[in-house]
Amino acid sequence: DAWQTASADLALNEVEGSQTAGLAPFSAEGHIEYVRETGGWMLAASGLSLDTVDEDWPEATLQVRPRLTDSGDLQALSARASYVNLDDLRYFRSWLGGNTRTIVDDLALSGRLSDVSFDVSALDTEKPLYDIAADFTDAGMAATDSIPGVRGLTGRLRADSSGGRLEIDSTDVTLSLPEQLAEPIRIDDAVGTVIWRANDDGTTVLSDSIRVRNAELDSQSSLQLVLPADGSAPLLDLESEWSINDISAAPRYLPQKLIAPGLYRWLSTALVAGSIPNGRTRLTGPIDQFPFDGGEGTFRIDADMVNTTLRYSDKWPDAENMDMHVVVDGARLYSEKNTATNAGNSVVDAKVEIADLRRPVLTIDAFATGSLQSIREMAIRSPIAGVFGGRLAEVNVSGDASFELQLELPILDRLNYDFTTRVQTGGGSLQFDGFRPAITELNGVVTVSRDAIVTESLFGMFLGEPVDIE
């Protein structure tokens with residue numbers, strides 16, 4: 001006959017596993033008890049402690065209680081643990097089977113669990129039932145191809161077959177999405193509660209407040225995610241309010257797989273400095289239809305950029321001291337409310353647009369005021385200088401002026417740009433190095449494109465006589 005009960009006091013000292021090379025030995029002690037029960041058995045440990053080079057466990061209790069069918073198949077399982085340090089699974093990897101050992105190695109679980117309970121039943125049916133609860137501290141796992149990695153999570157989990165609740169209150173969290181983000185993201189604080197409900201129609205995930213903050217980003221979000229049972233596309237309703245202290249860090253938070261590599265590189269260099277004190281994101285609709293070209297849903301970002309430096313092209317001067325309201329509506333990015341300086345020229349409410357971020361072409365239609373001198377400086381630092389044969393540095397100008405600029409810049413083919421600028425002056429003057437007499441009372445318009453210079457009613461006074469300039 002099988003044993004009905006058994007017990008033992010356990011004491012292990014300086015234990016080493018054959019496949020734990022590089023790990024210091026560990027010690028363990030506790031009381032082990034086995035009881036055969038009707039329909040199953042129970043294995044329990046009390047006063048269990050594990051001493052490793054990193055930590056000495058508090059005395060813990062563990063219990064495993066399976067229930068078997070008459071044929072010996074597993075019907076239900078109940079497990080309890082007052083404390084488990086997941087980092088210490090590495091000491092027992094040599095005792096695991098091949099597939100289990102691979103999973104443990106790949107996930108690299110970490111953190112401490114307490115007050116753990118796990119119950120699963122009806123394993124002999126098509127719809128097993130489960131109930132799980134655990135508190136966790138500094139918990140985490142490595143990223144896989146389909147699951148993001150995270151370290152440093154602290155909170156509480158309560159879940160069963162009909163739904164659950166996850167509470168997070170963590171500091172010093174690291175989030176890894178190697179398929180999407182260029183590098184892991186450090187999060188100083190992550191606080192929020194997520195609940196979910198499951199029924200025959202599917203699962204609904206809800207949260208009315210998720211707060212994430214670090215030195216660069218502060219966001220507060222609410223969401224509802226519906227996962228239909230028929231396997232159709234999930235439905236997402238997300239609202240988020242956020243701010244960014246350092247806009248140059250923004251590309252680190254952009255999903256690289258969803259952005260053309262050339263656009264991602266452009267954003268990485270274009271966003272030089274500045275902040276976004278107010279940002280808002282709204283995304284609602286079936287995820288597989290994103291970005292909702294046919295009106296199936298809504299994707300909109302509103303952001304106020306403050307004191308920003310934008311390097312939209314290495315061939316043109318930076319836009320500086322920029323305050324800009326930016327909108328992303330579906331796949332379109334645009335701004336119509338903005339102020340900036342460009343090589344000393346003042347720009348107000350330029351029309352800036354990328355009509356389709358999937359095929360990004362930046363267009364700028366701007367009107368600027370300044371002086372002939374500031375416009376000359378802008379021209380010297382832009383492709384306009386090439387149209388003048390590189391001789392602009394030999395020209396001295398003064399007087400008020402304005403200019404209009406239409407620029408088209410294919411971001412994925414930046415050498416294939418085009419521009420037209422129209423400079424207008426009234427009462428200006430112009431003088432060439434090495435030639436003292438100046439043209440004064442200069443009035444009219446000069447239009448410069450990539451391959452031509454055209455004057456419109458440009459005239460002035462030279463040596464006391466009126467002259468027309470063509």
Side-chain angles (χ1 to χ4, degrees), residues 310 312-322 334-353 355 361-410 414-470:
L310 180 66
Y312 53 91
S313 171
D314 57 3
K315 297 183 179 299
W316 293 84
D318 295 348
E320 299 174 314
N321 306 313
M322 174 182 286
Y334 67 92
S335 174
E336 296 177 347
K337 296 180 179 180
N338 50 74
T339 62
T341 57
N342 191 283
N345 302 289
S346 177
V347 182
V348 177
D349 293 341
K351 294 182 180 179
V352 181
E353 180 178 24
V361 177
L362 174 67
T363 60
I364 298 176
D365 188 347
F367 176 80
T369 58
S371 65
L372 281 174
Q373 177 62 21
S374 62
I375 293 173
R376 169 184 171 274
E377 289 300 318
M378 184 275 294
I380 288 174
R381 294 161 56 189
S382 76
I384 296 173
V387 184
F388 285 89
R391 306 299 296 272
L392 282 176
E394 302 171 7
V395 178
N396 302 300
V397 293
S398 64
D400 294 333
S402 64
F403 75 90
E404 300 173 22
L405 173 66
Q406 290 83 43
L407 172 65
E408 182 176 286
L409 176 67
R414 281 184 260 178
L415 294 179
N416 193 27
Y417 64 89
D418 197 8
F419 71 89
T420 300
T421 185
R422 188 171 184 269
V423 181
Q424 183 167 0
T425 182
S429 68
L430 180 151
Q431 183 259 329
F432 294 92
D433 286 348
F435 188 74
R436 180 169 295 181
I439 299 175
T440 59
E441 299 180 34
L442 188 64
N443 293 270
V445 176
V446 177
T447 300
V448 183
S449 61
R450 188 163 182 176
D451 54 7
I453 304 171
V454 178
T455 62
E456 301 175 33
S457 302
L458 186 63
F459 61 91
M461 299 292 293
F462 181 68
L463 297 176
E465 298 291 334
V467 293
D468 294 326
I469 304 172
E470 296 181 358

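As a basis for the values below, the full set of heavy atoms in this structure was taken, side chains included, without hydrogen atoms, waters or symmetry mates. Throughout, numbering of the chain's residues begins at 1 and tracks the sequence.
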Residues which pass side chain to side chain contact (heavy atoms under 4.5 Å, CB included) with [X], listed by chain and number, not counting sequence neighbours:
X: N338; value: M324, S335, A350
X: Y334; value: R300, V327, D329, R332, E336, E353
X: D400; value: none
X: P437; value: F435, F462, L463

Nearest 0.5 angstrom please: [X] [atom1] to [Y] [atom2], how far?
X: Y312; Y: R414; atom1: OH; atom2: CZ; result: 13.5 Å
X: M378; Y: L405; atom1: CE; atom2: CG; result: 6.5 Å
X: N321; Y: S346; atom1: CG; atom2: OG; result: 10.0 Å
X: F403; Y: L372; atom1: CZ; atom2: CG; result: 11.5 Å
X: L458; Y: I439; atom1: CG; atom2: CD1; result: 8.0 Å

Could you report the tightest heavy-atom contact between [X] and [Y], atom names first, then the distance?
X: E408; Y: V361; answer: CG-CG1, 3.7 Å
X: S313; Y: L409; answer: CB-CD2, 3.9 Å
X: D318; Y: N342; answer: O-ND2, 3.7 Å

I want to check something: taking the side chain as every heavy atom from C-beta on, are L442 and I469 in contact at a cut-off of under 4.5 Å? yes
Just grab all the side chain to side chain donor-acceptor pair (under 3.5 Å) pairs involving residues 457-470, residues at least two apart or on different chains. none
Sequence neighbours excluded, every pair satisfying salt bridge (charged side-chain N to carboxylate O under 4.0 Å, His left out) that has a member inside residues 364-388: none
Using residues 443-452 as the side-chain source, report each donor-acceptor pair under 3.5 Å to any protein atom, sequence neighbours left out, with the distance given to one decimal.
{"residue": "N443", "atom": "OD1", "partner": "G427", "partner atom": "N", "Å": "3.1"}
{"residue": "N443", "atom": "ND2", "partner": "E441", "partner atom": "O", "Å": "2.7"}
{"residue": "T447", "atom": "OG1", "partner": "E456", "partner atom": "OE2", "Å": "3.2"}
{"residue": "S449", "atom": "OG", "partner": "D451", "partner atom": "OD1", "Å": "3.4"}
{"residue": "S449", "atom": "OG", "partner": "A452", "partner atom": "N", "Å": "3.4"}
{"residue": "R450", "atom": "NH1", "partner": "L415", "partner atom": "O", "Å": "3.3"}
{"residue": "R450", "atom": "NH1", "partner": "Y417", "partner atom": "O", "Å": "2.5"}
{"residue": "R450", "atom": "NH2", "partner": "L415", "partner atom": "O", "Å": "3.3"}

List in chain and number order the residues that pass side-chain hydrogen bond (donor to acceptor under 3.5 Å, both in side chains) with S371, two or more places apart in sequence or in another chain; answer none if no residue qualifies. S374
For residues 384-398, which side-chain donor-acceptor pairs fall under 3.5 Å, sequence neighbours excluded?
{"residue": "R391", "atom": "NE", "partner": "E394", "partner atom": "OE1", "Å": "2.9"}
{"residue": "R391", "atom": "NE", "partner": "E394", "partner atom": "OE2", "Å": "3.0"}
{"residue": "R391", "atom": "NH2", "partner": "E394", "partner atom": "OE1", "Å": "2.7"}
{"residue": "N396", "atom": "ND2", "partner": "Q431", "partner atom": "OE1", "Å": "3.1"}
{"residue": "N396", "atom": "ND2", "partner": "D433", "partner atom": "OD1", "Å": "2.8"}
{"residue": "S398", "atom": "OG", "partner": "S429", "partner atom": "OG", "Å": "2.5"}

